[in-house]
Novice: 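First the structure, which I've put down as structure tokens, then a few questions once you've had a look.
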Amino acid sequence: MPKNVLSEESRIAIKSTLNINITKSKNNCRNCHYRPVDYICNKHFIKTENNETCQQFKKDIKFTFVNGGRMSPR
């Protein structure tokens with residue numbers, strides 16, 4: 001195992017201290033603003049699963065397209 005990788009037991013212990021819990025709601029790490037890629041939470045800097053969440057959950061803001069209006073070419 002590489003030197004910089006946490007073991008599963010230590011990752012579980014860190015998650016419990018940060019109040020990262022398993023949930024069944026839509027507010028989970030998969031839909032969080034702080035976890036865009038690679039399954040790593042940018043708020044806690046730890047690898048998380050899709051079905052976990054914490055108290056700092058922030059809804060991911062997606063781009064919305066509207067019809068009409070004008071846009072500059074630059």
Side-chain angles (χ1 to χ4, degrees):
M1 178 160 59
K3 194 162 122 179
N4 299 348
V5 177
L6 287 174
S7 67
E8 188 65 28
E9 293 83 20
S10 53
R11 187 176 293 115
I12 291 170
I14 292 171
K15 285 180 184 180
S16 65
T17 59
L18 295 172
N19 292 327
I20 298 174
N21 301 316
I22 295 174
T23 184
K24 293 182 181 179
S25 69
K26 288 184 178 181
N27 295 347
N28 53 31
C29 285
R30 182 184 336 164
N31 301 324
C32 186
H33 174 70
Y34 297 116
R35 188 183 150 215
V37 291
D38 295 334
Y39 303 110
I40 296 175
C41 178
N42 290 329
K43 189 74 170 177
H44 299 105
F45 303 108
I46 191 166
K47 182 177 180 180
T48 56
E49 300 294 328
N50 286 338
N51 61 350
E52 294 175 335
T53 190
C54 65
Q55 295 174 347
Q56 284 83 21
F57 173 82
K58 181 179 176 186
K59 184 177 168 106
D60 192 14
I61 301 167
K62 304 284 186 198
F63 290 105
T64 57
F65 296 96
V66 293
N67 292 332
R70 293 165 63 180
M71 185 174 132
S72 173
R74 293 184 188 171

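Note that the structure is predicted; figures quoted are calculated from it, not measured.
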Novice: Show the nearest heavy-atom pair for residues E52 and K15, with the distance to one decimal.
Specialist: OE1-NZ, 3.0 Å
Novice: Given the rule that I, L, V, M, F, W and Y join up when any side-chain heavy atoms are under 4.5 Å apart, are I40 and I46 in one cluster?
Specialist: no
Novice: Would a 4.5 Å heavy-atom cut-off, applied to side chains only, mark H44 and Q56 as touching?
Specialist: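 They are in contact (side-chain heavy atoms under 4.5 Å apart), so the answer is yes.
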Novice: So, applying side chain to side chain contact (heavy atoms under 4.5 Å, CB included) with T53, which one of N31, T23, I22, N19 is it?
Specialist: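 It is T23; the other options fail the test.
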Novice: Check whether the side chains of N28 and R35 place a donor and an acceptor atom closer than 3.5 Å, and report yes or no.
Specialist: no
Novice: My understanding is that only residues two or more places apart in sequence, or in another chain, count here; which of them pass side chain to side chain contact (heavy atoms under 4.5 Å, CB included) with E8?
Specialist: R11, I12
Novice: For the atom pair CD (Q55) and CG (N27), what is the distance rounded to the nearest 0.5 Å?
Specialist: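 That separation rounds to 13.0 Å.
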Novice: Ignoring hydrogens, what is the shortest heavy-atom contact between I14 and T17? Give both atom names and the distance.
Specialist: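 Smallest heavy-atom distance, with atoms named: O-OG1, 2.7 Å.
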Novice: Check the pair C54, I20 against side chain to side chain contact (heavy atoms under 4.5 Å, CB included), reporting the backbone distance first and the verdict last.
Specialist: CA-CA 4 Å; C54 65; I20 298 174; 3.9 Å; yes
Novice: Which value, rounded to the nearest 0.5 Å, describes the distance between F57 atom CZ and K26 atom NZ?
Specialist: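 Taking CZ in F57 and NZ in K26, the distance rounds to 11.0 Å.
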